[in-house]
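First the structure, in the form of structure tokens, and then the observations on it.
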Amino acid sequence: MSGTSEGPAPATERDRPIVTESEISTSPRTEAPSPPPPSTSTSPPPSASYRSVFTAAPLAMAVVDREGMVTGANAALATLLGHDQETLTGAVAADLVDLASDARTWHAYRELLRGRRARLRCTRRLKHPEGHALWVRVTVSPLPADDGGVLLSVADISDRRELRAELRHARMHDPVTRLPNRALFFERLTAALDAESYEESGTGRIGLCYLDLDGFKAVNDTLGHRVGDRLLAAVAERLTRCAEAAGRTRTGTPLVARLGGDEFALLVEDSTGTEQLADLAESLLDTIQAPFDLSGRRLSVSASIGVVERHAAGTTPTALMQAADTTLYWAKADGKSRWTLFDPERNASRVTRQALASTLRPAIDRGEFALEYQPLVGMEDDRVHGVEALVRWHHPRFGTLTPNRFISLAEEDGSIVPLGRWVLRTACRQARDWQVAHPDEPPIFVSVNVAVRQVWDSDLVADVAATLEETGLAPRLLQLELTESAVMGSSGRPIQALKALSDMGVRIAIDDFGTGYSNLAYLSRLPVSVLKLDGSFVRGFQYEERAAAPPNPADEVIVEAMVQLAHRLGLTVTAECVETSAQATRLRRIGCDTGQGWLYSRPVSPDRISELLGTPGVQAGVGKP
């Protein structure tokens, strides 16, 4: 609608009505409106009515022309802003309500003055002449074209803002310790990692101490949650004092937050390096370890702390917290009551371990595993008597992996059972192929490692019997290796399985003998035919001048005693990790039966083993005693 109305036409710009009749809300009526009164009526003209509404309205308002100057303001606006009403006319509207403080709002306001925008609404924090802060909601709307300009309205929202701030504080703070909670901590962390917050100033680095109380659950369980909450509040107070002390010597005070339970975090923005975080962690440990006096009850606790310090660029809140959580786990695993710095290499190993664990079972079906074989050579004739099958994982991402990288994972998740079956079948089939390919040579045996979980989680006896029948390999040409710790002290099903296999003709070997239980009395009752001496004993047989350390005579005495004991029990002995001719000479002299190690060969492919079969002197230069 146009800004004109019935009655006398306005004569000047100042007499023009501020709002149109269509913009004034009226109560709904059930009857048709009465015709307008004749012009001779004593009622004021509509423009005068609108002017009186504008003047008496409790909402603070002003009319602003297209140049941004105030052409009229009501008393409510003057009262709200603390100015005289007369001084408002002619003032720059944007200055009164701070519309030019940010580029986006200023641009929108200018567009509205040019008639290219329908409305603008924003919130501003103003400083009242009396000194207090004033929060206002500013709305700018265009007036009808005939009137020109815009209508500026300002609403006081200070009370609403204060209530919102109180609610936010309650929502963002922990009720027990009064510290910032997880939500506020992540809000601050996200802001600190925003590029705009560190690119223009600061060090561009960020640090985090992630703290967990050791044994706090015991306090809750024995003394109750009330005492536990009081302890948490006392810890929070000490952490806050510690952060404040650190802030006095640095550019800023670390943010202390309770993330939940007995977990706390100290966020260091613009950190100066790992030394700063290490100093902070040390002070945190010291302040926590001092006894707490809770209403006459004396409690002592300690803490474990994970420390992360890095460039802010390129990291995210999730990545930083994952690193802190991992490092805290390391601190606890290393003995608690300590702080541990994040180690990228150690973390990469952990991540690799997780990646391997998730792909191990499918890798068996995809055929990513292969076997290599290391010769077991007779000490007297230097011929290959057997081979040990060693599994390799040709991982598409991590390359070729040796057993120490994945066997423990396979034992943990049970995939050692299908993997073990595959190794057994493949090794037995290969041993039979060698036998067929070299009919004129004495057949060699193949030694396969067996995990104790294979005995518990599968029918190992049935698996071996089925494999031997399928491949045609004689039982005496299969040797199963179990570690000493897995065999010694076992009873029930494992021993029954070993006895059944031994009765079948399969050879049973104890691997790494001498490092585990070494229960010699129990050894005589086991169905064992071979002892494999751990390489730590053989490494002491260094009699060459270039040896890094002098030989230990006790090693030779111990090995000689074990060899003699084994022979008296009817067992043969294999020495592992034979690397030099001198070691082989000494082992031969004390009666060791076979040797295994790099002196003879590294683990190699089946074709290379075929080349060694029937060849005397697998290694050169082994002198006779």
> Any donor-acceptor pair under 3.5 Å linking the side chain of Thr359 with the backbone of Ala355?
Replying inline: yes
> At what distance, to the nearest 0.5 angstrom, does CG of Asp343 lie from OG1 of Thr327?
Replying inline: 8.5 Å
> Okay, side chain of Arg453, backbone of Glu411: is any donor-acceptor separation there less than 3.5 Å?
Replying inline: yes
> Which word best sums up how the rings of His169 and His173 line up, parallel for under 30°, tilted for 30 to 60°, or perpendicular for over 60°?
Replying inline: parallel
> If you look at every heavy atom in Pro254 and Gly247, which pair is closest and at what distance?
Replying inline: CD-N, 4.3 Å
> Does NZ or CZ of Arg238 lie under 6.0 Å from the centre of the six-membered ring of Phe292, at an angle within 45° of the ring axis?
Replying inline: yes
> How far apart are the C-alpha atoms of Leu259 and Tyr210, what are their side-chain angles, what is the distance that settles it, and do they pass the side chain to side chain contact (heavy atoms under 4.5 Å, CB included) test?
Replying inline: CA-CA 9 Å; Leu259 302 188; Tyr210 190 23; 3.6 Å; yes
>> Is there a side chain to side chain contact (heavy atoms under 4.5 Å, CB included) between Arg338 and Ile305? Walk through the geometry before answering.
In response: CA-CA 6 Å; Arg338 67 188 64 216; Ile305 306 176; over 6 Å; no
>> What I want to find out is whether Glu111 reaches Arg117 closely enough, with some N-O distance under 4.0 Å, to be called a salt bridge.
In response: no
> How long is the span from the CG atom in Leu231 to the CG atom in Asn220, to the nearest 0.5 Å?
Replying inline: 8.5 Å
>> Donor-acceptor pair, distance only, cut-off 3.5 Å: does the side chain of Thr287 make one with the backbone of Ser283?
In response: no
> Which value, rounded to the nearest 0.5 Å, describes the distance between Leu96 atom CG and Leu152 atom CG?
Replying inline: 8.0 Å
> Any side-chain heavy atom of His395 sitting closer than 4.5 Å to one from Leu356?
Replying inline: yes
> When you look at Leu77 and Leu88, which way does the side chain to side chain contact (heavy atoms under 4.5 Å, CB included) test go after all the steps?
Replying inline: CA-CA 9 Å; Leu77 181 63; Leu88 293 179; 4.1 Å; yes
>> Using a 6.0 Å cut-off, check whether atom CZ of Arg178 has over 12 heavy atoms from anything other than its own residue.
In response: no
>> Are there over 12 heavy-atom neighbours, none belonging to Phe216, within less than 6.0 Å of that residue's CZ?
In response: yes
> In Å, rounded to the nearest 0.5 Å, how long is the span from CD of Glu244 to OG1 of Thr253?
Replying inline: 6.5 Å
> Shortest non-hydrogen contact from Ala73 to Gln85?
Replying inline: O-NE2, 2.8 Å
> Yes or no on salt bridge (Lys or Arg N to Asp or Glu O under 4.0 Å) for Glu412 and Arg353, after CA distance, side-chain angles and deciding distance?
Replying inline: CA-CA 12 Å; Glu412 289 175 6; Arg353 182 178 174 87; 2.7 Å; yes
>> Just checking Arg297: does its CZ atom have more than 12 heavy atoms from other residues, nucleotides or ligands closer to it than 6.0 angstrom?
In response: no
> Does Pro403 offer a backbone N or O that forms a donor-acceptor pair with the side chain of Arg405 under 3.5 Å?
Replying inline: no
> Yes or no on salt bridge (Lys or Arg N to Asp or Glu O under 4.0 Å) for Asp365 and Arg361, after CA distance, side-chain angles and deciding distance?
Replying inline: CA-CA 7 Å; Asp365 299 329; Arg361 282 183 179 272; over 6 Å; no
> Would you say Pro180 and Arg188 make side-chain contact, with heavy atoms under 4.5 Å?
Replying inline: no
> Between Val64 and Tyr109, does a side chain to side chain contact (heavy atoms under 4.5 Å, CB included) hold up when you go through it step by step?
Replying inline: CA-CA 12 Å; Val64 180; Tyr109 175 62; 3.8 Å; yes
> Looking only at side chains, do Thr177 and Arg258 share a donor and an acceptor under 3.5 Å apart?
Replying inline: no
>> Using 30° and 60° as the class boundaries, would you call the ring planes of His128 and His132 parallel, tilted or perpendicular?
In response: parallel
> Does a sphere of radius 6.0 Å around CG in Asp159 hold more than 12 heavy atoms from other residues, nucleotides or ligands, not counting ones at 6.0 Å or beyond?
Replying inline: no
> Ignoring hydrogens and geometry, is there a side-chain-to-backbone donor-acceptor pair from Arg392 to Thr400 under 3.5 Å?
Replying inline: no
>> So if I apply the side chain to side chain contact (heavy atoms under 4.5 Å, CB included) rule between Asn449 and each of Val391, Ile407, Val423, Asp511, which one comes out positive?
In response: Asp511
> From Asp174 CG over to Leu179 CG, what is the distance, rounded to the nearest 0.5 angstrom?
Replying inline: 6.5 Å
>> On a heavy-atom basis, which atom in Leu112 and which in Pro142 lie closest, and how many Å separate them?
In response: CD2-N, 4.3 Å
> In this structure, are over 12 heavy atoms from other groups packed under 6.0 Å from Arg346 atom CZ?
Replying inline: yes
>> Could you check whether any side-chain heavy atom of Arg119 comes within less than 4.5 Å of a side-chain heavy atom of Val140, counting everything from C-beta outward?
In response: no
> Any salt bridge between Glu237 and Arg241, counting N to O under 4.0 Å?
Replying inline: yes
> Does Asp325 use its side chain to pair, donor to acceptor, with the backbone of Leu328 at less than 3.5 Å?
Replying inline: no
>> Looking only at the side chains, is there a donor atom on one of Ser337 and Gln289 sitting less than 3.5 Å from an acceptor on the other?
In response: yes
>> If you compare all heavy atoms of Glu368 against all heavy atoms of Pro396, which two are closest, and at what distance to 0.1 Å?
In response: OE1-CD, 3.5 Å
> Quick one: is the NZ or CZ of Arg160 closer than 6.0 Å to the six-membered ring centre of Trp135, and within 45° of its axis?
Replying inline: no
> Between Thr89 and Gly72, what is the shortest heavy-atom contact and its length?
Replying inline: OG1-CA, 4.2 Å
> So which of Arg205, Glu309, Gln276 actually passes side-chain hydrogen bond (donor to acceptor under 3.5 Å, both in side chains) with Ser271?
Replying inline: Glu309
> Pick from Leu266, Leu267, Leu284: which one makes a side chain to side chain contact (heavy atoms under 4.5 Å, CB included) with Val256?
Replying inline: Leu266
> Can you tell me how far OG1 of Thr105 sits from CG of Leu99, rounded to the nearest 0.5 angstrom?
Replying inline: 7.5 Å
> Quick one: which of Asn74, Val154, Leu59, Leu126 gives a side chain to side chain contact (heavy atoms under 4.5 Å, CB included) with Leu80?
Replying inline: Val154
>> Using a 6.0 Å cut-off, check whether atom NE2 of His107 has over 12 heavy atoms from anything other than its own residue.
In response: no
> Hey, is CZ on Arg104 packed in by over 12 heavy atoms from elsewhere, all under 6.0 Å?
Replying inline: no
> Strictly under 6.0 Å, is that where the ring centroids of Phe406 and Phe369 end up?
Replying inline: yes
> Are any of the side-chain heavy atoms of Trp330 and Asn347 separated by less than 4.5 Å?
Replying inline: yes
>> Is it true that Asp84 and Thr87 share a donor-acceptor pair across their side chains at a distance under 3.5 Å?
In response: no
> Do Phe264 and Leu232 have side-chain heavy atoms sitting under 4.5 Å apart?
Replying inline: yes
> Is there side-chain contact between Leu211 and Leu239, with heavy atoms separated by less than 4.5 Å?
Replying inline: yes
> Would you say Gln322 and Val308 make side-chain contact, with heavy atoms under 4.5 Å?
Replying inline: no
>> We want to know whether Ser302 and Asp214 form a side-chain donor-acceptor pair, criterion being a heavy-atom distance below 3.5 angstrom.
In response: yes
>> I'd like to know if Glu187 pairs up with Arg168 as an ion pair, taking the criterion as any Lys NZ or Arg NE/NH1/NH2 lying under 4.0 Å from an Asp or Glu carboxylate oxygen.
In response: yes
> Would you call Ile157 and Thr123 a side-chain contact if the rule is heavy atoms closer than 4.5 Å?
Replying inline: yes
